[in-house]
Amino acid sequence: MVPLEGQSRFRNPILGKKVARHIKSLAPPYGVKFCHVCGTHEWTITHHGLRSLLPKTVEVIAGPGCPVCILPSSDIHEAISLALEGVTVATYGDVIRVPASKTSLQDAKASGGDVRIVYGVGDAVKMARKEQNKEFVFLAIGFETTAPSTAVEVLGKPPENLSFLVSHRLIPPAMELLLSVDGLKINGFVAPGHVSTIIGVKAYERFPKAHHMPTVVAGFEPLDVLFALSMLLNQIKKGKAELENEYPRCVRWQGNVKAQQLIEKAFKVVDGQWRGLGTIPSSALTLREEFAMYDARRKYDIEIGSPRDLPPGCLCHLVIVGKINPPECPLFMKACEPQTPKGACMVSNEGTCRIWARHQILE
Ligand code: SF4
């Protein structure tokens, strides 16, 4: 057989079937539930039909791994309020479609607000430098993966007419929250590869140590996910809870120390609101005091009231923690579809509802 190269090695169907057989041999007779915390993992699992390869006793659920889905309504309302007051708001494409109490940044744009889509924070910096007669705000969302690029710009003395609405969130505290969700018994975590390239394997030490929770950092190819599941099952079979790295080709124990230092220099860790989940302790980043002049929340007096995270009937809060699958929401593919999203999980390509909708998984 001709050896497969690069990425395709991790999509080898023959090897995939072999690992699936190994998973079957390791699966216990009782049910186990593994949780991943990454929209890209959900995409890989759904797109490649990996759940169909698993024995009935092994379930894989999607946790809060989509940064757009967990963005609270309040943060979007802050951006909307600024846009309607004449500030130019720049952010990622998906964010402008996220519903926030019957409105969105897209609606604000339609009402005359200057809302611009950018590919990254660098674009916002360029715009602000070029149009110095305007005030710009960059709505900075994402997990530990995107926080370093925001930090680089904050530390690099951005133009004075640019400030940041920081909505970065941290993954390990959200994983910790999952362990306390009523009726959600998780037997192991598949930790996210992208985030782990930054924070390293070490960031998950608390899960096996403090919670006796098997945890495996995994990559995004189908075989990565299957290997990770077999590693979790192996730990369960041996009665162990360990921290393992299935993704050593990208993730190191210490992570990206330089990126961690950038985050540390620009931000401090605070409690954070997550859509539908309330406040998670030590789960968000905010700008440090010395960068207060770039903090949009300090620069502007933003009044937003108390916007609701979930429209009537929306069960995004249960989808986000993996308590239900998208078809269990009464709005799924009825009132809520990819073209007409009612909930945040139907907006982004990393949202569980959107992924299931795209793959026509209706039950
Ligand atoms: Fe939210 Fe729509 Fe998913 Fe229901 S189908 S949980 S409303 S995104």
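Whatever order the structure lists them in is the order used to number ligands and atoms, beginning at 1. Please read these numbers as outputs of a predicted model, since none were measured by experiment.
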Response to the item:
Report for atom 2 (Fe) of ligand 1, protein N, O or S closer than 2.8 Å, by chain and number, lists Cys336 SG
Worksheet entry | Electrostatic pair Arg249:Asp224 at N-O distance under 4.0 angstrom | yes
Worksheet item: Are Asp114 and Lys134 ion-paired here, with the side-chain N under 4.0 Å from a carboxylate O?
Response: yes
Worksheet entry | Salt-bridge present (Arg169, Asp75; N to O < 4.0 Å) | yes
Discussion item. Out of the candidates Ile263, Thr145, Thr146, only one should pair with His168 under the side chain to side chain contact (heavy atoms under 4.5 Å, CB included) rule; please name it.
Written reply: Thr146
Practice prompt. Salt-bridge test for Arg354 and Glu42: reply yes if a basic N is under 4.0 Å from a carboxylate O, no otherwise.
Written response: no
Worksheet item: For the residue pair Phe189 and His36, is the inter-centroid distance of their aromatic rings smaller than 6.0 Å?
Response: no
